[in-house]
Undergrad: 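Supplied in structure tokens, the structure appears directly below.
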Protein chains: 2
Amino acid sequence: MAANSRLTIATHALAWLALAQRRGLEVLTSEQVAASVHTNPVIIRRSLGDLRRAGLVEVRRGAGAGWSLAREPEGITLLEVYDAVGAQPPFGLHHTEPNPECPVGHGIRPALSGVYGRVEQVMRRELADTSIADVLRETLAN
Amino acid sequence: MAANSRLTIATHALAWLALAQRRGLEVLTSEQVAASVHTNPVIIRRSLGDLRRAGLVEVRRGAGAGWSLAREPEGITLLEVYDAVGAQPPFGLHHTEPNPECPVGHGIRPALSGVYGRVEQVMRRELADTSIADVLRETLAN
DNA sequence: CTTGTTGCAACAGTTTCTGTTACATCAAAG
DNA sequence: CTTTGATGTAACAGAAACTGTTGCAACAAG
């Protein structure tokens, strides 16, 4: 299992919830979502649980339970989904502290933090520019 | 070992080579670089080996061997380093094919590929805007 | 009370990355 | 030509993260 597919799974689930809602279905069970994503229902519960804690979806328990969007799909951005699923940032610093007696070892971590911060900022700006409604529209166009 | 520190290790090594070169040292051994990064020399050889294959550094073998920059530090961008070390992209698609009979499962992969491609593009543009000389300057300012 | 669903813990399997050891290869220096 | 000091690389261990799976408690509608 190489790549991080958490954003993909969560976005897929949200797009499917948005389409179901448009079709008049009030809720979807994690099993119904799992059938579309083609994975185990527990994976979906974990993912949608993250989104519930972030306030993006709502859940009804007991018999006849299931998931629904907490907001309009136009108002949910991929940045919110990204933050909700807690994926790790693309770049990490040194695992062990570099040699502080070397001028490079001493100052490189704050320097790289600055660069990585700028990269993450443009990434977040791009994710904030795409909504679940956008993804669903592009998805149905294929 | 959680985060991906390959770009960090490689950039650290390049900045250290740039500073050594400015100080009149022709080459650094992988052990000298490892002492600054605070890791094992084999890690440095692997990383600098990637950079050598990408044409960013040169190596001299035999006795008195070592590494040196192949170009001016102003001309080496972090984007080239990023490509050289072959880090995996930040987002991955589904591990298994989603259900093609579901409209969402059918069209979501090309839709997400488009979004992820745009994110990677802005990331690359930001990395291309920073050179090893920039990193070294900010490093020495700390 | 029954039924169907979520919540969650526990665990296995895979992958990726760092770190380490060992040894072959190579080229400069004497 | 031998010695010496370095790179190149394979092999392996250990840690961490993620997906997937099973099992069961908690819960609420009917």
Side-chain angles (χ1 to χ4, degrees), chain A residues 1-10 12-13 17 25-35 37-53 57-68 70 82 85-98, chain B residues 1-10 12-13 17 20 25-35 37-54 57-68 70 82 85-98:
Chain A
M1 323 293 165
N4 210 3
S5 63
R6 280 156 75 157
L7 181 59
T8 293
I9 303 299
H12 184 150
L17 285 179
L25 287 170
E26 284 187 18
V27 298
L28 289 181
T29 68
S30 53
E31 194 152 358
Q32 288 172 307
V33 177
V37 178
H38 201 275
T39 184
N40 192 292
V42 177
I43 302 291
I44 299 299
R45 279 182 223 145
R46 283 209 275 251
S47 179
L48 288 178
D50 287 338
L51 302 180
R52 175 177 54 78
R53 276 179 283 277
V57 298
E58 286 168 349
V59 65
R60 234 166 46 196
R61 301 193 59 182
W67 305 86
S68 57
Y82 172 73
V85 298
Q88 61 182 356
F91 306 122
L93 294 178
H94 308 68
H95 291 176
T96 65
E97 183 184 354
Chain B
M1 319 299 163
N4 209 2
S5 63
R6 281 156 75 158
L7 180 60
T8 293
I9 303 298
H12 185 150
L17 285 179
L25 288 170
E26 284 186 20
V27 299
L28 289 181
T29 67
S30 54
E31 195 151 359
Q32 289 173 305
V33 177
V37 178
H38 200 274
T39 184
N40 193 291
V42 177
I43 302 291
I44 299 299
R45 280 183 224 144
R46 283 208 275 250
S47 180
L48 288 178
D50 287 338
L51 301 180
R52 175 177 55 76
R53 277 180 281 277
V57 299
E58 285 168 349
V59 66
R60 235 169 42 200
R61 300 193 60 181
W67 305 86
S68 56
Y82 172 71
V85 299
Q88 61 182 356
F91 305 122
L93 293 179
H94 308 68
H95 292 176
T96 64
E97 183 184 356

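In what follows, chains carry the letters A, B, and so on, assigned in the order in which the sequence lines appear, proteins first and then strands, with residues in each chain numbered from 1. Reckoned from all heavy atoms, side chains included, excluding hydrogens, waters and symmetry mates. The structure displayed is predicted, hence computed values, not measured ones.
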Undergrad: Look only at the side chain of B:Ser5 and the backbone of B:Thr8, and say whether a donor-acceptor pair between them is shorter than 3.5 Å.
TA: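 Between the backbone of B:Thr8 and the side chain of B:Ser5 there is no qualifying donor-acceptor contact (under 3.5 Å).
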
Undergrad: At under 4.0 Å between heavy atoms, what does A:Arg6 touch on the DNA or RNA strands: base, sugar-phosphate, or nothing?
TA: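 Answer is sugar-phosphate: A:Arg6 comes under 4.0 Å of backbone atoms only.
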
Undergrad: Donor-acceptor pair under 3.5 Å: do we get one between B:Arg60's side chain and the base of D:dG5?
TA: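 Such a pair does not exist between side chain and base.
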
Undergrad: So which nucleotide from D:dT7, C:dT6, C:dT21 ends up closest to the side chain of B:Ser30?
TA: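 For the B:Ser30 side chain, the nearest candidate turns out to be D:dT7.
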
Undergrad: Does a side-chain N or O from B:Arg45 land closer than 4.0 Å to OP1 or OP2 of D:dT7, or not?
TA: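 Looking at the OP1 and OP2 atoms of D:dT7, one of them is under 4.0 Å from a side-chain N or O of B:Arg45.
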
Undergrad: How close do A:Ile44 and A:Ile9 get, heavy atom to heavy atom, and via which atoms?
TA: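 Closest approach of A:Ile44 to A:Ile9, heavy atoms only: CD1-CG2, 4.1 Å.
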
Undergrad: Which nucleotide in the list D:dG20, C:dG7, C:dG19 gets nearest to the side chain of A:Ile43?
TA: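 Of all the options, the side chain of A:Ile43 is nearest to D:dG20.
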
Undergrad: From the list D:dA6, C:dT6, C:dT21, which nucleotide is the closest neighbour of the side chain of B:Ala65?
TA: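 Side chain of B:Ala65 sits closest to D:dA6.
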
Undergrad: If you check every side-chain atom of A:Thr96, which of D:dG8, C:dC17, C:dG19 has the closest atom?
TA: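 Selected nucleotide (nearest to the side chain): C:dG19.
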
Undergrad: Measure from the ring center of A:His94 to the ring center of B:His38 and say whether it is less than 6.0 Å.
TA: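 For A:His94 and B:His38, the ring centres are not under 6.0 Å apart.
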
Undergrad: Write down the distance between CG (A:Leu48) and P (C:dT5), rounded to a whole number of angstrom.
TA: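 Taking atom P of C:dT5 as the reference, CG of A:Leu48 is at 15 Å.
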
Undergrad: Compare the minimum distances between each of C:dT21, D:dT19, D:dT7 and the side chain of A:Ser5, then state the nucleotide with the smallest one.
TA: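 Taking heavy atoms from C-beta onward, the closest nucleotide is D:dT19.
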
Undergrad: Any heavy-atom pair between the side chains of B:Trp67 and B:Leu48 that's under 4.5 Å?
TA: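 Yes - at least one pair of side-chain heavy atoms lies under 4.5 Å apart.
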
Undergrad: To the nearest Å, how far apart are B:Asn40 CG and D:dT9 P?
TA: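 These atoms are roughly 16 Å apart.
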
Undergrad: Using only modelled atom types and a 3.5 angstrom limit, is any donor from either the side chain of A:Arg61 or the base of D:dA26 paired with an acceptor on the other?
TA: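 Side chain to base: pair present.
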
